[in-house]
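The structure appears right after this line, and notes come after that.
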There are 2 protein chains.
Amino acid sequence: MRVSRQLLERAEDALKDSGLPPLAWYDVLHELAEAGEGGLRPFQLTERTLFAQYNISRLLARLEADGLVEKLPVADDGRGQTVRVTDKGRETRRRMWAVYGRSIAELVGSRLSNDELDALSALLGRLRVPPAPE
Amino acid sequence: MRVSRQLLERAEDALKDSGLPPLAWYDVLHELAEAGEGGLRPFQLTERTLFAQYNISRLLARLEADGLVEKLPVADDGRGQTVRVTDKGRETRRRMWAVYGRSIAELVGSRLSNDELDALSALLGRLRVPPAPE
DNA sequence: TGACGATCGATGCAAATGCATCTATATAGA
DNA sequence: TCTATATAGATGCATTTGCATCGATCGTCA
């Protein structure tokens, strides 16, 4: 818990210092970028990111207000919508990764060997619910 | 990050379900309990818990309002105060630990062997800033 | 078809957080 | 001693989170 908080805090600080949005935006942009043109439904984002439903709802509103994502009505479900990342959103994600990735490299990559990283990843994977695949 | 968020969320849920305060209270009560009769200065709590200064200030106000801690003036520094856990605070911490500890056992202890726990602890310790002792 | 419970997403309100700044006291230096 | 700077802790204000609930649509079953 202590380590995760520390890493999180440092990564957030690095983003802030670069005038970039908070990490939560990255998580969403990342998922949407991986999803590609088809986009994702908000409820799929809540599943993948571990943000609460109301949190995703508001996060998306902010992202849309900034032009980083767009919401499209979905054909076969009148309740829902599909969210797709825009070019600007992709660009923002790229800039965030430059900073976020550097933080990870500095705080984690440079402190553990590749074997140790693999070991850590395997151990943490066992704590996931449901257990990580592989 | 994903694992830590998941663990945190589950532990918070368990506390809430038992009608107990959030985890942040536990962190502070724990530090104060370890500090004993002498208590701690608020700024020492900010160092040990990784909460921001203003956060500790308000957290202590809530804890005091609930009678879990008491603030005493400190003799040789007119700016400061010493915070000490009360009996009620100790009792609350005990009750929280019953729930929190069970969560840890369930979510972590039961999923990894003792050797694996040691390995995980050692790896994470290397990520601490400053690096964990030992 | 019509009624009913479930699901999707949004939102009003209260509480917590982040940020900047404030007051008060302490410490250092001219 | 007097002034300037640093430190301890609190707080006003804006933003974000958490909780409960809402409106709307979907799916199911009589």
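A, B, ... follow the sequence lines: proteins, then strands. Residue 1 opens every chain. These numbers come from a predicted model, not from an experiment.
Rounded to an integer number of Å, the gap from L59(B) CG to dG9(D) C1' is 14 Å. Going from atom CD of E12(B) over to atom P of dG18(D) covers 9 Å, rounded to whole Å. What separates CZ of F51(B) from P of dT17(C) is a distance of 8 Å, to the nearest Å. Put simply, CZ on R62(B) is 15 Å from C1' on dG9(D), counting in whole angstrom units. The distance from atom CZ of F43(A) to atom C1' of dA10(C) is 16 Å, rounded to the nearest whole Å. As a whole-Å value, the separation of N55(A) CG from dT16(D) P is 10 Å. Between R5(A) atom CZ and dG18(C) atom P the separation is 10 Å, expressed in whole Å. One atom, CG of D27(B), and another, C1' of dA16(C), lie 16 Å apart when rounded to the nearest Å.
Comparing atom distances between the Y54(A) side chain and each of dA20(D), dA26(C), dA10(D) picks out dA20(D) as nearest. Here the side chain of S57(A) is nearest to one of dA10(C), dG12(C), dC8(C), namely dA10(C). For R79(A), whose side chain is taken as the heavy atoms from C-beta onward, the closest listed nucleotide among dC26(D), dT11(D), dC13(C) is dC26(D). You'll find that the side chain of Q81(B) is closest to dG9(D), out of dT17(D), dT17(C), dG9(D). Minimum atom distance to the side chain of K16(A) is reached by dC19(C), of the listed dC19(C), dT25(C), dG9(D).
Side-chain to base pairing of R58(A) with dG9(C): no donor and acceptor N or O lie closer than 3.5 Å to each other. No hydrogens or angles were tested; on distance alone, nothing pairs the side chain of R41(B) with the base of dG9(D) as donor and acceptor under 3.5 Å. Contact annotation: side chain of Q53(B) to base of dA8(D), donor-acceptor pair absent below 3.5 Å.
Note on V74(A): it does not cluster hydrophobically with V69(A), by side-chain heavy-atom contacts below 4.5 Å among ILVMFWY residues.
Under 4.0 Å is where a charged nitrogen must lie from a carboxylate oxygen, and between R41(B) and D77(B) at least one such pair does. Under 4.0 Å is where a charged nitrogen must lie from a carboxylate oxygen, and between E9(A) and R2(A) no such pair does. Using a cutoff of 4.0 Å between basic side-chain nitrogens and carboxylate oxygens, E116(B) and R126(A) are scored as salt-bridged.
A residue-by-residue look at W25(A) and D76(A) shows that W25(A) has its nearest nucleotide of DNA chain D further toward the 5' end. Nearer to the 5' terminus of DNA chain C, by closest-nucleotide assignment, is the contact made by I56(A) (compared with the other of I56(A) and G78(B)).
Side-chain N/O atoms of K71(B) include one lying less than 4.0 angstrom from OP1 or OP2 on dA10(D).
The salt bridge (Lys or Arg N to Asp or Glu O under 4.0 Å) with E91(B) is formed by just one residue from the set R93(B), K88(B), R94(B); it is R94(B).
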